[in-house]
Protein chains: 2
Amino acid sequence: MADLKTPHHPLFLREEELRYSIELMFFAYRDFTAEADTMLASCDLGRAHHRVIYFVGRNPGINVSDLLAILNITKQSLSRVLSHLITDDYIHQEQGTTDKRQRLLSLTDKGKTLEHDVTMIQRRRFAQAFKSVSTNDVTGFISVMEAMLDDKTLPLLRRTPMTRMK
Amino acid sequence: MADLKTPHHPLFLREEELRYSIELMFFAYRDFTAEADTMLASCDLGRAHHRVIYFVGRNPGINVSDLLAILNITKQSLSRVLSHLITDDYIHQEQGTTDKRQRLLSLTDKGKTLEHDVTMIQRRRFAQAFKSVSTNDVTGFISVMEAMLDDKTLPLLRRTPMTRMK
DNA sequence: TTTTTAAGTCAGCCATGTTGACATATTTTT
DNA sequence: AAAAATATGTCAACATGGCTGACTTAAAAA
């Protein structure tokens, strides 16, 4: 029993560390999304709408298939939010030139403004968090988060200059 | 315009770094929860059930009010999953001794087994992620995630020995 | 004794995911 | 040219897990 009290008992630390991380994931994600959700609700939109606006803004001219691959939801689910966003003039749709079956999506000015405002809230939270820790901690955060991803998720991520730098 | 191409332009890096973090948060949380959801579905349970089982397991004898404070949902929402878990003998309920109005919750053996199995999946993902990075990266991850939390979330978190160590 | 608190219940609504079946236009293959 | 595959969209139905509002019961506190 005595060894349970030594400061570096590996098994105990590991178990607690892993549980602590699980809880951080739950609480941090919840707090991370809460503020943005509030602003979205004031525009009669939900988190699903923000995701679409975010990734269309990030990938102007993306087609529906590729957007579905990023979001990993069914086209019926996407259809609901996407038609809403098109009706309310957040997103513009135009026929593909090389492949006329495709609908290429991009943000309208209204969509760009909303995307900027909502994402700003989330950027601000990360900016504040990063400000309170060391740059070393930030690269550690990014490394761990990257290591949490499924292999199939990696190609969906745009690598930042920062990540490439190290 | 030339300064936009210098390798360490701070504004550009910051913007990209923050967007990259937002995307990591989205993708990592999604991949993190997906496996456990699959196992839960095979028991006819959802993510909400796991949360209840997890936090009851973590706080044996917790009363309903305190559990609601952790989960941050309405009692009607909790009621739905909790009665399910009690009916299916995952959670045991007993009257409080000092305050007889309270219902103190704890896991049955069946509940403990399920909690262990489902949480194991999530622990394993973190364990694998941590194995692929440095201990420094792990503490960085934890520091950033802690800094992401709302002030009101902090008291809900159990601090690990590790966190206290540094 | 009155009021507050802890817990539970009923009823209905909303957002966002799912499946299955099918339609239409266009591109690709044979 | 005909057939098959692809990109997109649509209708209908369902599940999960949030929400609000209204109301009850039992016990504790004032």
Side-chain angles (χ1 to χ4, degrees), chain A residues 26 29-31 33-34 36-56 61-88 91-105, chain B residues 26 29-30 33-34 36-56 61-88 91-106:
Chain A
F26 169 62
Y29 190 79
R30 194 173 70 181
D31 290 349
T33 48
D37 285 352
T38 303
M39 156 167 289
L40 287 160
S42 74
C43 308
D44 280 304
L45 298 173
R47 199 179 293 185
H49 300 94
H50 181 223
R51 283 175 190 157
V52 171
I53 287 181
Y54 181 89
F55 286 111
V56 169
I62 192 176
N63 66 43
V64 174
S65 293
D66 290 350
L67 182 56
L68 283 173
I70 292 174
L71 296 173
N72 202 27
I73 59 177
T74 60
K75 63 177 173 178
Q76 294 94 325
S77 296
L78 174 59
S79 171
R80 197 162 30 202
V81 286
L82 186 53
S83 21
H84 184 163
L85 290 171
I86 291 167
T87 301
D88 289 7
I91 283 187
H92 171 71
Q93 208 180 22
E94 63 181 303
Q95 200 170 41
T97 47
T98 63
D99 187 336
K100 288 181 186 168
R101 290 171 304 181
Q102 294 182 335
R103 301 299 144 88
L104 307 183
L105 307 172
Chain B
F26 169 61
Y29 189 78
R30 192 173 71 180
T33 49
D37 284 351
T38 303
M39 157 167 288
L40 287 160
S42 74
C43 309
D44 280 303
L45 298 172
R47 200 181 292 186
H49 300 93
H50 180 223
R51 284 176 189 157
V52 171
I53 288 181
Y54 181 88
F55 286 111
V56 169
I62 193 175
N63 65 42
V64 174
S65 294
D66 290 351
L67 182 56
L68 283 174
I70 292 174
L71 297 172
N72 201 28
I73 58 176
T74 61
K75 64 178 172 176
Q76 294 93 326
S77 295
L78 174 59
S79 171
R80 197 160 32 200
V81 287
L82 186 54
S83 24
H84 184 163
L85 291 170
I86 291 167
T87 303
D88 288 9
I91 283 187
H92 171 72
Q93 208 180 21
E94 63 181 304
Q95 199 169 42
T97 48
T98 63
D99 186 337
K100 288 181 185 169
R101 291 172 303 181
Q102 296 181 332
R103 300 299 144 86
L104 308 182
L105 307 172
S106 50

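In what follows, chains are A, B, ... by sequence order, proteins preceding strands, each numbered from 1.
- Separation of atoms CZ (A/R103) and CD1 (A/I86) is listed at 9.5 Å; rounding is to 0.5 Å.
- Residues of residues 40-47 of chain B having a heavy atom closer than 4.0 Å to DNA chain C: none are found.
- Looking at B/N72 and A/R30, their side chains come closer than 4.5 Å, going by heavy atoms from C-beta outward.
- Taking atom CG of A/N63 as the reference point, atom C1' of D/dT6 lies 12 Å away to the nearest angstrom.
- Each of A/V52, A/I91, A/L45 was checked for a side chain to side chain contact (heavy atoms under 4.5 Å, CB included) with A/H84, and the lone residue meeting it is A/L45.
- Looking at A/Q95, its side chain does come within 3.5 Å of a backbone N or O of A/K100 through a donor-acceptor pair.
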Provide a list of protein-nucleic acid N or O atom pairs under 3.5 angstrom, restricted to nucleotides 28-30 of chain D.
unit_1: D/dA28; atom_1: OP1; unit_2: B/K100; atom_2: N; d: 3.1

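- Put simply, CG on A/L67 is 13 Å from C1' on D/dT8, counting in whole angstrom units.
- Contact annotation: the side chain of A/L85 approaches that of A/H49 to within less than 4.5 Å [non-hydrogen atoms, C-beta and beyond].
- The span of DNA chain C lying next to chain B, judged by atoms under 4.0 Å from heavy atoms, is bounded 5' to 3' by C/dT5 to C/dC10.
- At a threshold of 4.0 angstrom between heavy atoms, the contacts of A/H49 are confined to the sugar-phosphate backbone, with no base atom among them.
- Within residues 70-80 of chain B, the residues approached by DNA chain C to less than 4.0 Å at the level of any non-hydrogen atom are B/K75, B/Q76, B/S79, in residue-number order.
- Under the 3.5 Å distance criterion, the side-chain polar atoms of A/Q102 are left unmatched by any main-chain donor or acceptor of A/G96.
- Across the interface with DNA chain C, nearest-nucleotide mapping of B/Q102 and A/V81 shows B/Q102 to be the residue nearer the 5′ end.
- One axis for each end of the helix from C/dT1-D/dA30 to C/dT30-D/dA1, each built from five base pairs, and the angle between them comes to 20° at 10° resolution.
- In this structure the side chain of B/L105 reaches within 4.5 angstrom of the side chain of B/L82, judged on heavy atoms.
- Side-chain contact between A/F26 and B/Y54: absent, with no pair of heavy atoms (C-beta onward) separated by less than 4.5 Å.
- DNA chain C is contacted by both A/R103 and B/L104; B/L104 maps to the nucleotide lying nearer its 5′ end (nearest heavy atom per residue).
- The closest donor-acceptor contact from the side chain of A/S77 to the backbone of A/I73 lies at 3.5 Å or more, if one exists at all.
- A search for salt bridge (charged side-chain N to carboxylate O under 4.0 Å, His left out) contacts involving A/D88 returns nothing, not counting sequence neighbours.
- Taking the side chain as every heavy atom from C-beta outward, B/I62 and B/F55 never approach each other to under 4.5 Å.
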Stepwise side chain to side chain contact (heavy atoms under 4.5 Å, CB included) check, A/L71 with A/R51 | CA-CA 8 Å; A/L71 296 173; A/R51 283 175 190 157; 3.9 Å; yes
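- Note that OG of B/S65 and CG of B/L78 are 10.0 Å apart. Values are rounded to the nearest 0.5 Å.
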Step-by-step side chain to side chain contact (heavy atoms under 4.5 Å, CB included) determination, B/T33 to B/R47 = CA-CA 8 Å; B/T33 49; B/R47 200 181 292 186; 3.4 Å; yes
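- If you take NE2 on A/H50 and CE on A/M39, they are separated by 10.0 Å, rounding to the nearest 0.5 Å.
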